[in-house]
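Here is the structure we will look at, set down as structure tokens.
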Amino acid sequence: APTGGCGTPRPTGVQNGTITVAGTPRTYVLSVPAGYDPARPTPLIFAWHGRTGTAAGARSYFGIETASGGAAIVAYPQGLPVTADPNDTGWELTASGRDLAFYDALSAELRATYCVGSAYSMGHSFGGYMSNAVACFRGGTDPGEVRAIAPVAGGGPFGACPGAPVSATVIHGSNDTVVPIAQGEGSRDHWRAAAGCAATSTPIAPAPCVAYDGCAGGRTVRWCQHADTQFSGHGWPSFAASAAWALFQATP
């Protein structure tokens with residue numbers, strides 16, 4: 001359905017934005033493709049950086065803008081410090097935390113400003129945890145909710161989720177010594193159970209991903225276990241962006 005921003009031309013390109021949430025200025029980087037059409041709802045992707053990371057840093061290596069071929073608006077939120085160290089940026093993963101409130105406010109702002117279609121979430125490491133938290137609390141098809149997620153080297157959600165089940169591509173390295181693969185397997189198992197998928201799977205592109213069989217409600221859950229060794233197995237695999245975009249395209 002058209003959002004409040006439909007029909008009004010808006011600037012394209014990469015922009016730095018600020019929005020005040022509960023009295024605190026929150027910043028983000030927004031990438032609007034050159035071919036953005038204010039008359040056509042465009043997918044919106046939230047892309048969350050890892051711990052000690054930045055929004056600009058996430059944009060520099062996630063590769064989702066290239067993978068989507070200019071077919072999506074991408075928002076890169078900036079985290080706040082999670083300890084006394086001002087460079088120790090990250091996310092609060094709770095339903096009442098400042099970062100879910102940030103997501104809600106930014107989602108509403110972008111929907112009011114741009115012609116936005118379905119929303120999705122992806123992230124690396126701590127950002128993978130945040131993507132799982134967003135889906136846990138804001139999974140669904142209503143405005144302000146996400147339909148699919150692609151957490152990389154993350155974990156969670158933890159406990160019951162009030163949001164609707166989502167489609168998910170969970171990416172994790174078997175050699176990850178920073179976030180053990182058991183965390184990614186926990187994410188996979190949560191979303192597979194929530195979507196009613198079978199335990200059997202079928203290989204899909206890009207390798208090494210598989211898709212679980214028999215998921216309910218048109219959802220899909222995919223698992224991509226890789227053997228990369230860069231950054232203690234905790235890096236961003238070369239196929240991550242294409243795997244994320246393939247899921248988002250399959251979940252309109």
Side-chain angles (χ1 to χ4, degrees), residues 3 5 10-11 13-33 42-65 67-68 72-83 85-114 116-139 143-157 163 166 236 240-241 244-245 248:
T3 62
R10 298 292 183 183
V14 180
Q15 311 157 40
N16 294 315
T18 301
I19 185 171
T20 300
V21 183
T24 300
R26 301 301 303 266
T27 62
Y28 59 94
V29 175
L30 184 69
S31 178
V32 182
T42 300
L44 171 62
I45 301 171
F46 289 85
W48 308 87
H49 65 74
R51 188 162 187 170
T52 74
T54 65
R59 181 173 181 264
S60 72
Y61 72 89
F62 274 22
I64 190 61
E65 294 170 41
S68 66
I73 297 170
V74 186
Y76 302 88
Q78 175 61 51
L80 296 175
V82 292
T83 65
D85 181 353
N87 296 314
D88 190 12
T89 53
W91 312 104
E92 291 185 354
L93 306 177
T94 60
S96 58
R98 66 192 181 192
D99 292 310
L100 193 64
F102 182 21
Y103 166 80
D104 288 339
L106 184 54
S107 175
E109 173 75 12
L110 295 177
R111 292 177 61 82
T113 305
Y114 290 92
V116 170
S118 296
Y120 309 97
S121 182
M122 64 187 300
H124 184 204
S125 190
F126 209 163
Y129 283 87
M130 185 61 188
S131 279
N132 279 307
V134 169
C136 182
F137 300 116
R138 297 292 184 269
E145 296 178 334
V146 295
R147 290 185 55 77
I149 60 169
V152 179
V166 300
W236 184 266
W245 181 241
F248 299 160

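Both backbone and side-chain heavy atoms feed into the values below; hydrogens, waters and symmetry mates do not.
What you find for Ser125 and Gly50 is that their closest heavy atoms are CB-CA, 4.3 Å. Contact between Ser121 and Trp48 at its shortest, heavy atoms only, is OG-NE1, 2.9 Å. Contact record, Leu110 with Ala75: CD1-CB, 4.0 Å, taken as the closest heavy-atom pair. Between Pro143 and Arg111, the shortest heavy-atom contact is CB-NH2, 3.3 Å. Residues Pro77 and Ala47 approach most closely at CD-O, 3.3 Å, considering heavy atoms. Summarising the geometry of Ala240 relative to Val152, their closest heavy-atom pair is CB-CG2, 4.3 Å, with the distance given to 0.1 Å.
When side chains are defined from C-beta on, Arg98 does not count as touching Thr24, because their heavy atoms never get closer than 4.5 Å. Annotation: side chain of Thr89 is not in contact with side chain of Thr54 (no heavy-atom distance under 4.5 Å). In this structure, Phe102 and Leu80 have side chains that are not in contact, with every pair of non-hydrogen atoms separated by 4.5 Å or more. At least one side-chain heavy atom of Pro33 sits under 4.5 Å from a side-chain heavy atom of Ile73. Taking the side chain as every heavy atom from C-beta outward, Thr52 and Phe126 never approach each other to under 4.5 Å.
Residues satisfying the side chain to side chain contact (heavy atoms under 4.5 Å, CB included) test with Glu65, not counting sequence neighbours, are Ser31, Arg59, Val74, Tyr76.
Taking CE of Met122 as the start and CD1 of Ile45 as the end, the distance is 7.0 Å to the nearest 0.5 Å. Taking CD of Glu109 as the start and CG of Asp104 as the end, the distance is 13.5 Å to the nearest 0.5 Å. The OG atom of Ser107 sits 6.5 Å away from atom CG of Leu44, with the distance rounded to the nearest 0.5 Å. To the nearest 0.5 angstrom, Met130 atom CE is 5.0 Å from Asp99 atom CG.
The main-chain N or O of Pro81 is never found under 3.5 Å from a side-chain atom of Asp85 such that the two would form a donor-acceptor pair. Checking side-chain atoms of Arg51 against main-chain N and O of Asp88 turns up no donor-acceptor pair under 3.5 Å. In this structure, Thr3 contributes its side chain and Val116 its backbone to a donor-acceptor pair below 3.5 Å. At distances below 3.5 Å, at least one donor-acceptor pair connects side-chain atoms of Ser60 with backbone N or O atoms of Gly57. The main-chain N or O of Thr27 is never found under 3.5 Å from a side-chain atom of Gln78 such that the two would form a donor-acceptor pair.
The side-chain contact (heavy atoms from CB on, under 4.5 Å) test with Val134 is passed by exactly one of Tyr103, Tyr120, Tyr129: Tyr103. Of the candidates Trp236, Phe62, Tyr61, Trp91, Trp91 is the only one forming a ring-ring contact (aromatic ring centres under 6.0 Å, His included) with His49.
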Under 3.5 Å, sequence neighbours excluded: what are the donor-acceptor pairs made by side chains of residues 13-22?
| unit_1 | atom_1 | unit_2 | atom_2 | d |
| --- | --- | --- | --- | --- |
| Gln15 | NE2 | Pro11 | O | 3.3 |
| Gln15 | NE2 | Tyr114 | OH | 3.3 |

